[in-house]
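To start, the structure under review is shown below, and the notes come after it.
Values reported hereafter were calculated over all heavy atoms of this structure, with side chains retained and with hydrogens, waters and symmetry mates removed. In this text, all values refer to a predicted model and were calculated from it rather than measured experimentally. Residue numbers begin at 1 in each chain, while the letters A, B, ... track the order of the sequences.
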Amino acid sequence: MENVKFYPLDFVAIKNGIKIFGKKEDGKDICVIDKSLKPYFYVITEKEINSKKFIDKITKIEIEDNSEYYTVLDALEEKKNFLGKSINAIKVIVDKQSSISEVKNVIKNLPETKQIIETDISYSKRYLIEREIIPLALCKVEGDLVEDENIEFNMEGVVSKVSEDSFDSPKILAFDIEAYGTLMSEDKSKKDPIITVALIGNNGFKKAITWKNYKNKESYVEIVESEAHLIEALKQTIKEFNPDYLVGYFSDGFDLPYIIERAKKYKIEFNIGKDNSSISFSRGTRVKHARMSGVVHLDLLPFISKIMGPSLQLDSFSLDNVAQAILNDSKIAMNFYDINKAWEEGRIKEIIDYNLQDVKLTLKICEKILPNMAELVKISGLPLYDISRVTYGKLVEHYLMKRAREFNELVPNKPEKGLVALRRTHTYQGAFVMEPNPGLYENLVMLDFRSLYPSIINSKNISPATLNFESGYKSPEIEDEEGKNVSYYYEKKPHFIPLVIGDIIKKREVVKEALKKDKKNEVLKAKSYGLKTIGNAIYGYYAFFGARWYCRECASSITAFAREYIKDVIQKAAKAKFNPIYSDTDSVALSLEKNKEKDVLSFLNKINKELPGLMELELEDFYVRGIFVAKKGEEGKTMGAKKKYALINKDGDMKVIGFETVRKDWSQLARETQLKVLEIILKENKKEKALKFVRKIIGDLRDKKVKINDLILHNQLKMNLEDYRAIGPHVAIARKMKEKGYDIKAGTTVAFVISKGKGMIRDKAKLPEECEDGDYDEDYYINNQIVPCVERIFEVLGYKKEDLLTNAKQKSLGEF
DNA sequence: TACGGGCGGGG
DNA sequence: GTGTACGCCCGTA
């Protein structure tokens, strides 16, 4: 009998139990099999039944199918809570995971059965919750060593939690590949070779592999004979490094599937799992998740876009953009054409430098966000692999399931398809967003409620279990499904969801207090981040159609309370001689007018004295200048655009919200122009300079001084060419390309330039490589790219579209 | 106003 | 043995 402590990293359900890959305290790998938890579920019975007889009946269930036996090991009555009620439920324990559905199918037809629950919780989740095992936190296994030809240290036994002590010294390996050849398409990986791969470890390890020789290669570059050798070398490099975490950027959707496809071509088994198993891909997800046993594969993109996305306020999650935002670092400027060309001309070092820089950014971003992910692992109890790809729904759900156990609460079933469809049709009134008066403002302050939705849920005890129509906390009037105005009530008897939200808010307050004294403490920052993330997500979870604890009435009550509170602040601010400029959900921007900063503080104080429970209005920041623009609409009517503005604070930091500049369908030129204009106006407050700047750009376009590279537009074909009825420019260019012998099919991204010529826009679309310098339609770029990007900004400054074009040659106003 | 196509990330 | 499921925007009928 051995007793070994270890940090659990990766979990795989097996037939009769679970396999856990982890790290011993001495830093060596360990694999543990634990078969001690038997699968189970619950039956809620009709009232007035003889439970003893029913239990007897259940324990006798035995099913034979294709000479496979499915049996019940035990059944027992337990007192549980279920959605606010205390009930007796029958716990049914079965012999193996596959028995759950078989036994359930028998029990559901028994007359005593009212409802069967907790059959839809996967074994590994069940195991983690039941055993209170937190991934990454220290555990021990008591059991015996087992021989396994693929694994050095393998045990079978019973695992239990030891402490909160968390694994904090992972070996991390980041990687990235570069491929040569045609444009992006679904079968690119079938045709185009990998030309380089780069890897960087968090221990200083650095390596690049390529199969074209070049002079004066660096010591970290390995040159191999062929692509097949590159893949073998890559596999060896990963195995030798033996990472705990293998990290990529969109590696679920690009790098790993690409490598696997190329490996298949050369009949190489890319088996980099710690038990020498191959990579498996999930089914059903839009981007398949790539997993390997024992090595936690982290694709940074999903976490950044799904979890951090909303608060990062980026309009693209490209590596370059994200690196810029998180690290203030960027990629080497090299596009797809440049890479191809460099490869053809033997400028291999340039590609390797580019490749390595991408890996460096990937590793750095990983190190930056890993504490946040690890904190969510700790709070929610989900493994790191899951956290890195998690949605808010899953995050909240697993957290609630974990907490439910402490309160002896049964977990409601996931909704069935029909119910999901029904829920999807339900809508309700959301947050209050004030329409701003378009304009350039000076001297602003932004105020916002601390954890507005969570604090409302907590202070009004809002949950599906406390909802009723008679007594308790009364919501503002809400329009219900039939269009009637009703108020919902929430009982004051505590329910676990509002209680755990209260916990989260209070815990976060403690962390924030500690942070005030220790502002640079990254651990505390991550803690605060994790608590905030889960706390804020619970409101959305109530409204999420797939939720187990779904409650539309709850969600609509929360937004109704919130609207009442924020409107109250706006009203009181106006009374205190502030000018409310804009408001969205839980925040309000005020122009100070004659007020001073200290008046803002006393206004805050006054509001906070009147707020109930955990609710609090806070100072977000003071801003020197801000621009709010009009939205597209009928001429003559100016309506302020919601969620589209830009501010600058005293430190010169710009906050650009809602401007559309980083999307692929805008040319580089248009994007850069918009950002520069905002900068000139906010930083320097010089509208003539901004005007001159745009006129200069327009002049450059007219004078054919703009490089073709800055004018390229991108579109991807989603159907096969012959299925298109509407012929947009991207379809037209794809047809041209097909004629030229390009392989065009669904998934191909085409790049094109609108060139000078006659007819519709689609007739003028040309391949970038066909365009000589200056072969572009300046009128198209002026009217469809530059002007739409900046006209709303200039409107605010008192200019018209025409003003942008004065001094510009040969242009009739009529064309606008 | 409802519907369907396109996009994201990667080269 | 895997475990689901995207969500939003824009142009067009």
Side-chain angles (χ1 to χ4, degrees), chain A residues 12-19 96-98 101 120-125 176-186 188-189 191-197 248-259 262 277 280-289 291 293 299-306 309-310 314-322 331 334-343 351 354-355 358 362 386 389 391-394 414-417 420-421 424 544-546 632 660 662-665 714-719 723-726 728 730-731 746-751:
Chain A
V12 189
I14 55 172
K15 196 175 178 190
N16 293 314
I18 193 162
K19 206 182 214 180
K96 57 179 176 286
Q97 293 172 48
S98 52
S101 67
D120 58 1
I121 300 171
S122 77
Y123 182 81
S124 54
K125 307 272 155 43
D176 178 48
I177 61 168
E178 305 300 329
Y180 172 79
T182 54
L183 295 165
M184 275 298 174
S185 69
E186 272 166 14
K188 180 174 168 65
S189 62
K191 302 174 300 197
D192 295 335
I194 298 169
I195 50 176
T196 66
V197 54
Y249 199 84
F250 197 47
S251 41
D252 269 344
F254 184 74
D255 301 76
L256 284 173
Y258 209 106
I259 291 166
R262 301 306 293 173
S277 60
S280 65
F281 289 90
S282 68
R283 275 181 282 164
T285 45
R286 188 181 68 88
V287 173
K288 293 177 171 56
H289 303 166
R291 89 170 273 149
S293 312
D299 181 352
L300 302 181
L301 173 67
F303 187 80
I304 286 169
S305 64
K306 288 193 285 197
L314 296 172
D315 11 24
S316 154
F317 298 108
S318 64
L319 178 60
D320 196 33
N321 217 31
V322 169
K331 283 174 68 119
M334 209 173 175
N335 64 27
F336 158 72
Y337 304 100
D338 301 335
I339 293 172
N340 275 346
K341 225 167 173 198
W343 181 254
I351 304 175
Y354 170 87
N355 198 175
D358 276 12
T362 303
D386 297 70
R389 295 162 179 79
T391 57
Y392 277 106
K394 268 197 212 162
K414 282 190 194 164
E416 282 164 21
K417 266 191 186 154
V420 170
R424 276 177 188 272
F544 166 51
F545 48 75
K632 287 177 206 160
E660 62 274 77
V662 200
R663 301 208 332 236
K664 250 192 195 170
D665 41 349
H714 296 271
N715 270 115
Q716 191 174 29
L717 298 172
K718 281 292 153 170
M719 301 187 285
D723 299 334
Y724 279 92
R725 274 172 291 152
H730 65 298
V731 180
T748 309
T749 297
V750 294

Using purine N1 to pyrimidine N3 plus N6-O4 or O6-N4 for Watson-Crick, or N1-O2 and O6-N3 for G-U wobble, each under 3.5 Å, what pairs with B/dC7? C/dG7

Within the 4.0 Å heavy-atom criterion, would you say A/F281 contacts the bases, only the backbone, or no part of the nucleic acid? nothing

Send over the distance from A/F250 CZ to B/dG8 C1', rounded to a whole Å. 7 Å

Is the backbone N or O of A/D176 less than 3.5 Å from a side-chain atom of A/D255, with the two atoms forming a donor-acceptor pair by type? no

Under the 5.5 Å and 30° test, is A/F336 stacked on the base of B/dG11? yes

Expressed as a whole number of angstroms, how long is the span from A/K414:NZ to C/dA5:P? 9 Å

Give a yes or no on whether a donor-acceptor pair under 3.5 Å exists between the nucleobase atoms of C/dT4, that is its base, and the side chain of A/R283. no

Tell me which of A/K188 and A/R286 sits closer to the 5' end of DNA chain B, going by the nucleotide each one is nearest to. A/R286

Nucleotide C/dT4, atom P - distance to CZ of A/R389 in whole Å: 13 Å

For B/dG11, take OP1 and OP2 only and decide whether either is under 4.0 Å from a side-chain N or O of A/K331. yes

Separation of C/dG1 atom C1' from A/R291 atom CZ, nearest Å, is 11 Å

Value in whole Å for how far the P atom of C/dC6 lies from CG of A/L301: 16 Å

With a non-hydrogen cut-off below 4.0 angstrom, is A/D320 in contact with a base, only sugar-phosphate, or nothing? nothing

Give one of base, sugar-phosphate or nothing for A/V12, where a contact means two heavy atoms less than 4.0 Å apart. sugar-phosphate

Which whole number of Å gives the distance between the C1' atom of C/dC8 and that of B/dG9? 16 Å

Syn or anti for B/dG9, please, going by whether the chi angle lies within 90° of 0. syn

